[in-house]
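A, B, ... follow the sequence lines: proteins, then strands. Residue 1 opens every chain. None of the values given here were measured: they were computed from a predicted structure. The figures that follow rest on heavy atoms only: side chains count, while hydrogens, waters and symmetry mates do not.
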Protein chains: 2
Amino acid sequence: MGKQSMDLMRGTLDLLILKILSAGSLHGYEISKRIREQTEAEIFVEEGALYPALRRMEERNWLTSEWGISKNNREVKFYLLSSEGKRQLKEQSVQWDRYVRAMDRVLKIAGSPA
Amino acid sequence: MGKQSMDLMRGTLDLLILKILSAGSLHGYEISKRIREQTEAEIFVEEGALYPALRRMEERNWLTSEWGISKNNREVKFYLLSSEGKRQLKEQSVQWDRYVRAMDRVLKIAGSPA
DNA sequence: CCTTATACCTAAAAACATTATGCATAAGAT
DNA sequence: ATCTTATGCATAATGTTTTTAGGTATAAGG
């Protein structure tokens, strides 16, 4: 039994969080659930990765946060995209696309004959 | 002036090396040149990442190596894909595809209205 | 002889992820 | 009443990989 979801690739967590938050503010636990759901459990974010990432991004002023009450009636911290966060989302999306295309160029070239 | 090539995404260097070597044995310096060329300089592998990666992969028996003479008449170490390496190439290619598709599912969902 | 490209390597530091914990409460089940 | 599960935040220790920065050496062309 291998694990069903892969290790996070460097840099992709920030992009995922930025994108998820572009639809509206959410709290951490909900962000991680959305990532799991929207990727059909392909990508699962450990809490030990999620919360430090949110702090990092807030420090960099990509996000702002405020405490509030969740739908489940719990005290939670909501994160909101800042304008710098929106800029980052755009930039990192472009970079991700470029990276994928670059990988494709290598992977699509014929390798060793069977 | 930003740098023109991106940071490597975790895990993708191994896949790139495996793929490049699937066309035939090459030495380290040549591998890094091919990655640069085939990605049109989008991905540049630092030597400090390249050589440790080759050693790791050899330790894991994905590659074998032997010293030889390059086209430039230099003593170089040639790396060759092992059968386990071929297996890894297949597996990691599939994983990469799945990861890209998972990212796409998130990134393609409409975000915040302009 | 000087410079450039080629070619290998490693150590220190930074960055990020995993694993393992810990704490706390709402809600539903027994 | 109490147990369990899901929710929700957080950090510390560890591990892996990458960047940065340095070192060594030779072939070839000017």
All N/O contacts under 3.5 Å from nucleotides 7-11 of chain C to the protein, with atom names and distances to one decimal?
unit_1  : atom_1 : unit_2   : atom_2 : d
dA7(C)  : OP1    : Ser70(B) : OG     : 2.6
dA7(C)  : OP1    : Asn72(B) : ND2    : 3.3
dA7(C)  : OP2    : His27(B) : NE2    : 3.3
dA7(C)  : OP2    : Asn72(B) : ND2    : 3.3
dC8(C)  : OP1    : Lys77(B) : N      : 3.2
dC8(C)  : OP2    : Tyr29(B) : N      : 2.6
dC8(C)  : OP2    : Tyr51(B) : OH     : 2.8
dC8(C)  : N4     : Glu47(B) : OE1    : 2.6
dC9(C)  : OP1    : Lys77(B) : NZ     : 2.9
dC9(C)  : N4     : Glu47(B) : OE1    : 3.2
dT10(C) : OP2    : Arg55(B) : NE     : 3.0

Interatomic distance where CD belongs to Glu46(A) and C1' belongs to dC16(C) [whole Å]
13 Å

Reckon Arg56(A) has a side-chain N or O less than 4.0 Å from the OP1 or OP2 of dC16(C)?
yes

Rounded interatomic separation in angstrom, taking CD1 from Ile31(A) and P from dT7(D):
15 Å

Contacts of Glu75(A) meeting side chain to side chain donor-acceptor pair (under 3.5 Å) (sequence neighbours excluded), chain-then-number -> none

What pairs with Phe78(B) under ring-ring contact (aromatic ring centres under 6.0 Å, His included), at least two apart in sequence or on another chain?
His27(B)

Nucleic acid contacts - residues 9-25 of chain A versus DNA chain D, non-hydrogen atoms under 4.0 Å:
Arg10(A)

I'd like to check the side chain to side chain donor-acceptor pair (under 3.5 Å) partners of Thr12(A); sequence neighbours left out, ordered by chain and number.
Tyr99(B)

Mind checking the CG-CG spacing from Asp14(A) to Leu63(A)? Nearest 0.5 Å is all I need.
9.0 Å

With a cut-off of 3.5 Å and sequence neighbours excluded, list every side-chain donor-acceptor pair involving residues 48-60 of chain B.
unit_1   : atom_1 : unit_2   : atom_2 : d
Glu58(B) : OE1    : Ser65(B) : OG     : 3.4
Glu58(B) : OE2    : Ser65(B) : OG     : 2.7

Write down the distance between CZ (Phe44(B)) and P (dT20(D)), rounded to a whole number of angstrom.
11 Å

The salt bridge (charged side-chain N to carboxylate O under 4.0 Å, His left out) partners of Arg105(B) (sequence neighbours excluded) come to Glu40(A)

Those residues that, when tested against Arg34(B), pass side chain to side chain contact (heavy atoms under 4.5 Å, CB included) (two or more places apart):
Ile20(B), Leu26(B), Glu30(B), Gln38(B), Lys71(B)

What integer distance in Å separates Met6(B):CE from dT18(D):C1'?
15 Å

In whole angstroms, how far is the P atom of dG8(D) from the CD atom of Glu66(A)?
16 Å

Roughly how many Å is it from CD in Glu58(A) to C1' in dA10(D), rounded to a whole number?
14 Å

At what distance, to the nearest 0.5 angstrom, does CG of Asp97(B) lie from CG of Leu107(A)?
7.5 Å

Using a cut-off of strictly less than 4.0 Å, decide whether Arg60(A) has a side-chain nitrogen or oxygen near OP1 or OP2 of dA15(C).
no

Value in whole Å for how far the C1' atom of dA5(C) lies from CD of Glu37(B)
14 Å

Using the salt bridge (charged side-chain N to carboxylate O under 4.0 Å, His left out) rule, collect all pairs that involve residues 78-90 of chain B, keeping only residues at least two apart or in two chains.
Glu84(B)-Arg87(B), Arg87(B)-Glu91(B)

